[in-house]
Amino acid sequence: MEPPTVLAGFPGPSDLGASVPPAARIGPNTIIQLAQVLRDRHGEAVASQLLFSSTGYAMTALPGAMVDEREAQAFVQAVMRTFGEQPATHVLHEAGARTADYLMANRIPRPAQWIMKALPRRAGLSLLLKAMRANAWTFAGSGTFDVLTTPSGAELTFHACAMCRDMTTAGPVCDFYAGTFERLIRTLVAPQATIREVECQATGGHCCRFEVAGIH
């Protein structure tokens, strides 16, 4: 079913076999945009090989509906193994930014975008964060997502984060989310906003937490 509300389709099918229990589903953009960034940066052959080996999808048959979150996890992990932690985070960040562009072009109603841009920045941010939280089912998978407003902006928090689950890394690696949040907030609320992951489960953190600042 097509997600019906603002931000629906945030990062949005395969049969993993009857012996595998069903998992939570997320939108396909994690896979779609990551595959396209890999193609643009590293060529069709590299993108196709990583995509197919980790998810079973082909570049010519990318998913068009909600996917098993484990497919997105496997794809992200394959990219991390292939390119190394730091280069992979740049790829993930760009894929997140492209996801935000897709959302603004196809999922967030134009009137809602105009309102966010016209409101005072803190009010615009509050409206955007409310929409994110309402539509977290499309991108958090089996994890949970919450927002907290702060004097400088906001904190965005994932528990059991779908992007870095089962990873162990030296630094934060949830750059797909960071890239998406950054592009949305900078475009719709505050061009100078900063979004930084300050805690990551992949590094041993209790959660994956992003600080949003520069809203004033």
Side-chain angles (χ1 to χ4, degrees), residues 3-12 26-27 29-30 33-34 37 76 86 89-141 143-164 169 171-203 205-216:
T5 52
V6 175
L7 287 187
F10 197 101
I26 60 176
N29 270 297
T30 307
Q33 304 300 338
L34 183 52
V37 171
V76 169
Q86 194 164 34
T89 59
H90 295 312
V91 172
L92 290 165
H93 197 280
E94 184 177 344
R98 292 190 188 192
T99 294
D101 290 340
Y102 170 85
L103 295 174
M104 289 184 286
N106 299 280
R107 292 289 182 264
I108 306 176
R110 295 292 180 185
Q113 296 188 44
W114 296 333
I115 291 169
M116 290 177 198
K117 292 176 181 179
L119 286 172
R121 288 180 175 179
R122 292 195 67 84
L125 178 64
S126 179
L127 182 60
L128 178 59
L129 295 180
K130 182 178 179 180
M132 287 182 180
R133 183 158 47 189
N135 289 274
W137 64 275
T138 67
F139 62 88
T144 60
F145 173 76
D146 205 0
V147 302
L148 174 69
T149 56
T150 66
S152 61
E155 286 187 352
L156 314 177
T157 303
F158 289 89
H159 289 277
C161 177
M163 286 299 102
C164 71
T169 60
V173 291
C174 300
D175 285 71
F176 177 83
Y177 288 137
T180 306
F181 298 151
E182 181 181 86
R183 182 65 61 87
L184 288 173
I185 294 170
R186 286 184 173 179
T187 302
L188 298 176
V189 178
Q192 303 305 316
T194 60
I195 292 84
R196 186 167 65 97
E197 188 177 12
V198 296
E199 185 176 1
C200 185
Q201 290 176 192
T203 65
H206 176 64
C207 62
C208 294
R209 182 165 54 90
F210 302 81
E211 286 186 352
V212 180
I215 301 301
H216 296 296

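- Atoms CZ and OG1, on Phe181 and Thr99 in that order, are 11.0 Å from each other to the nearest 0.5 Å.
- For the atom pair Leu188 CG and Ile108 CD1, the distance stands at 5.5 Å (nearest 0.5 Å).
- The line from CD of Gln192 to NE2 of His216 is 14.5 Å long, rounded to the nearest 0.5 Å.
- Interatomic distance, CG of Leu103 versus OG1 of Thr187, reported as 11.0 Å (0.5 Å rounding).
- Scored by the ring pair (Phe, Tyr, Trp, His ring centres under 6.0 Å) test, His90 finds no partners at all (sequence neighbours excluded).
- Across all non-hydrogen atoms, the minimal contact from Ala95 to Gln33 is O-CB, 3.5 Å.
- The OG1 atom of Thr89 sits 14.0 Å away from atom CZ of Phe176, with the distance rounded to the nearest 0.5 Å.
- Leu129 is not listed as a side-chain neighbour of Val212, based on a closest heavy-atom distance of 4.5 Å or more.
- Leu92 has its side chain within reach of Val76: a pair of non-hydrogen atoms, C-beta onward, lies under 4.5 Å apart.
- Closest of all the heavy-atom pairs between Cys200 and Pro172 is CB-CA, 3.7 Å.
- Counting all heavy atoms, side chain and backbone alike, Cys161 lies closest to Cys174 at SG-SG, 3.7 Å.
- Contact check for Thr180 versus Asn29: no side-chain heavy atoms found under the 4.5 Å cut-off.
- Residues Ile215 and Ala193 share a closest heavy-atom pair of CD1-CB, 4.0 Å.
- Contact between Val173 and Ala202 at its shortest, heavy atoms only, is CG2-CB, 4.0 Å.
- Contacts classified as salt bridge (Lys or Arg N to Asp or Glu O under 4.0 Å) and involving residues 111-121 (residues at least two apart or in different chains) are not found.
- Heavy atoms only, all atoms of each residue included: Arg107 and Tyr102 are closest at NH2-OH, 3.1 Å.
- Side chains of Leu34 and Val91 form a contact here, defined as non-hydrogen atoms less than 4.5 Å apart.
- Between Phe158 and Tyr177, the ring-plane angle classifies as parallel under the 30° and 60° cut-offs.
- Side-chain contact between Met163 and Thr30 is present, with heavy atoms from C-beta onward closer than 4.5 Å.
- At least one donor-acceptor pair closer than 3.5 Å links the side chain of Gln113 to the backbone N or O of Met104.
- For residues 191-201, the pairs satisfying salt bridge (Lys or Arg N to Asp or Glu O under 4.0 Å) are Arg196-Glu211, Glu199-Arg209, with sequence neighbours left out.
- Atom CG of residue Leu119 and atom CG of residue Leu127 lie 6.5 Å apart, to the nearest 0.5 angstrom.
- The backbone N or O of Pro151 lies less than 3.5 Å from a partner atom in the side chain of Arg122, making a donor-acceptor pair.
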